[in-house]
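In what follows, every chain begins at residue 1, and chains take the letters A, B, ... in the order their sequences are listed.
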Number of protein chains: 2
Amino acid sequence: MDLTTAYRRYLAAVVRFHLAAADAGGLGATDYQAASLLDSEGPMTSGELGRMLRLSPSATTRAVDRLIAAGIAERAADPDDRRRILVRHTGLLPDGLLDLLARVQEPIGAAVAGLTDAQREGLEVYLRAATEAYRGALDR
Amino acid sequence: MDLTTAYRRYLAAVVRFHLAAADAGGLGATDYQAASLLDSEGPMTSGELGRMLRLSPSATTRAVDRLIAAGIAERAADPDDRRRILVRHTGLLPDGLLDLLARVQEPIGAAVAGLTDAQREGLEVYLRAATEAYRGALDR
DNA sequence: TGCAACTATTGCACGTGTGCAACTAAGGAG
DNA sequence: CTCCTTAGTTGCACACGTGCAATAGTTGCA
């Protein structure tokens, strides 16, 4: 099996898994993405979140409402500009979601831990290039 | 920035990009996943597709209907069992979707092409381990 | 041949997420 | 102070995907 085929299967599996994980946690795709962003990028305003997810202001408000109801996020006033509302991840996640994430973290972590320095470097190069490419493609 | 942080950002970007790509092609998340599976795994019956996506039979039929209407997939009779319907990818994709995919394939391909053999090996190990882990986690 | 199990499709009704438009509150320029 | 812009929230209506139940066609076993 060549690298391209392996890559296509990998991508399909990643997306499928994460959508299933969202579902297992009782979250829609939008809410799951919002939670992921808040987790990986840190607190941000409602507007920033909406722009990143390409959501209307109202849809953003509703998504944050749902995350708060689920205990995943919380709102805080922005001290610099009281029109803005900071949204931040509480660190909590639904149990079903945590279970599913834990199942993949172990085997993947083990595989990465077994890599030589040069091999891990290759993975890092890919991760950074792909992250930048994905973001860049959406910015245009 | 450590590897774990880079990885979290990468995952968020991957999922976000692919959902945005689906949207750009006028597809819902389910249809996009179905198309990805048909592309990477080859033709399969409606039932197999539904089980992989964890969809009810009726939702599966509807998803395939939409893919066919979009020209992405087609149905074919299964010669061995005429109850079954084989679904296969036509190779076509909506223009907006192709555009977005092309934008990321180039920079990612360039980054991977620049890897040494050892580095590329590391990436391959990760891709295969992750694919298996994601699939395994959903099978249980 | 008759009958049970299986595959896929359709009618129907429901829940969910979304955008638009109107509104409130807060900042900034004149 | 007044006006204009920006940030976020709410009422409302709509489109979409989904599951359930019923149906048609097919297979295989008794």
A:Leu3 versus B:Val112: any side-chain heavy-atom pair under 4.5 Å?
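Sidechains of B:Val112 and A:Leu3: in contact.
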
What's the [atom1]-[atom2] distance between [X] and [N], to the nearest Å?
X       : N      : atom1 : atom2 : answer
A:Leu49 : C:dT18 : CG    : P     : 12 Å
B:Asp65 : C:dG11 : CG    : P     : 11 Å
B:Asp23 : C:dG17 : CG    : P     : 16 Å
B:Arg75 : C:dT9  : CZ    : C1'   : 8 Å
A:Leu67 : C:dT16 : CG    : P     : 15 Å

Which residues share a salt bridge (Lys or Arg N to Asp or Glu O under 4.0 Å) with [X], sequence neighbours left out:
X        : result
A:Arg8   : B:Asp39
B:Arg120 : B:Asp117
B:Glu124 : B:Arg128

Pairs flagged by side chain to side chain donor-acceptor pair (under 3.5 Å) wherever residues 99-115 of chain B is involved - sequence neighbours left out
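Applying side chain to side chain donor-acceptor pair (under 3.5 Å) to every pair that reaches into residues 99-115 of chain B, excluding sequence neighbours, yields nothing.
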
If a pair satisfies side chain to side chain donor-acceptor pair (under 3.5 Å) and one of its residues is in residues 58-77 of chain B, list it, with sequence neighbours excluded.
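Counting only pairs at least two positions apart or across chains, the side chain to side chain donor-acceptor pair (under 3.5 Å) contacts touching residues 58-77 of chain B are B:Asp31-B:Arg66, B:Asp65-B:Arg75, B:Glu74-B:Arg88.
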
Sequence neighbours left out, what passes ring pair (Phe, Tyr, Trp, His ring centres under 6.0 Å) with B:Tyr126? Give chain and number order.
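B:Tyr126 satisfies ring pair (Phe, Tyr, Trp, His ring centres under 6.0 Å) with A:Tyr10, B:Tyr7 only.
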
Of the non-hydrogen atoms in A:Leu93 and A:His89, which two are nearest, and what is the gap between them?
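Heavy atoms only, the tightest pair is CD2-NE2, 3.9 Å.
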
So what does A:Arg51 touch, heavy atoms closer than 4.0 Å: a base, only the sugar-phosphate, or nothing?
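The answer is nothing, as A:Arg51 stays clear of every strand by at least 4.0 Å.
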
With sequence neighbours left out, what residues match A:Arg135 under side-chain hydrogen bond (donor to acceptor under 3.5 Å, both in side chains)?
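Partners of A:Arg135 by the side-chain hydrogen bond (donor to acceptor under 3.5 Å, both in side chains) criterion, ordered by chain and then number, come out as A:Glu41.
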
Separation between CD of A:Glu121 and CD of A:Gln119, rounded to the nearest 0.5 Å
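Output value for this atom pair is 11.0 Å.
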
Quick one: side chains of residues 13-27 of chain A, donor-acceptor pairs under 3.5 Å with protein atoms, not counting sequence neighbours, listed by atom name and distance.
unit_1	atom_1	unit_2	atom_2	d
A:His18	ND1	A:Tyr32	OH	2.8

Mind running a 4.0 Å heavy-atom check of residues 84-93 of chain A against DNA chain D and sending the residues that fall below it, in number order?
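Correct list: A:Arg84, A:Ile85.
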
Could you check which residues of residues 33-46 of chain A get a heavy atom under 4.0 Å from DNA chain D? Sort them by number, please.
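Only A:Thr45, A:Ser46 qualify.
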
Could you run through DNA chain D and flag its stems, i.e. three or more consecutive Watson-Crick or G-U pairs with both distances under 3.5 Å?
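The stems are C:1-30 with D:1-30.
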
Sugar-phosphate means primed atoms, P, OP1 and OP2; the rest is base. With that split, encode nucleotides 17-30 of chain D 5' to 3' as B, S or - using protein heavy atoms under 4.0 Å.
SBBB----BBS---

Heavy atoms of other groups near A:Glu48 CD, more than 12 under 6.0 Å:
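It does: A:Glu48 CD has more than 12 such atoms within range.
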
So with a 6.0 Å cut-off around CG of A:Asp78, is the heavy-atom count from everything else above 12?
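Yes, the 6.0 Å shell around CG holds more than 12 heavy atoms from other groups.
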
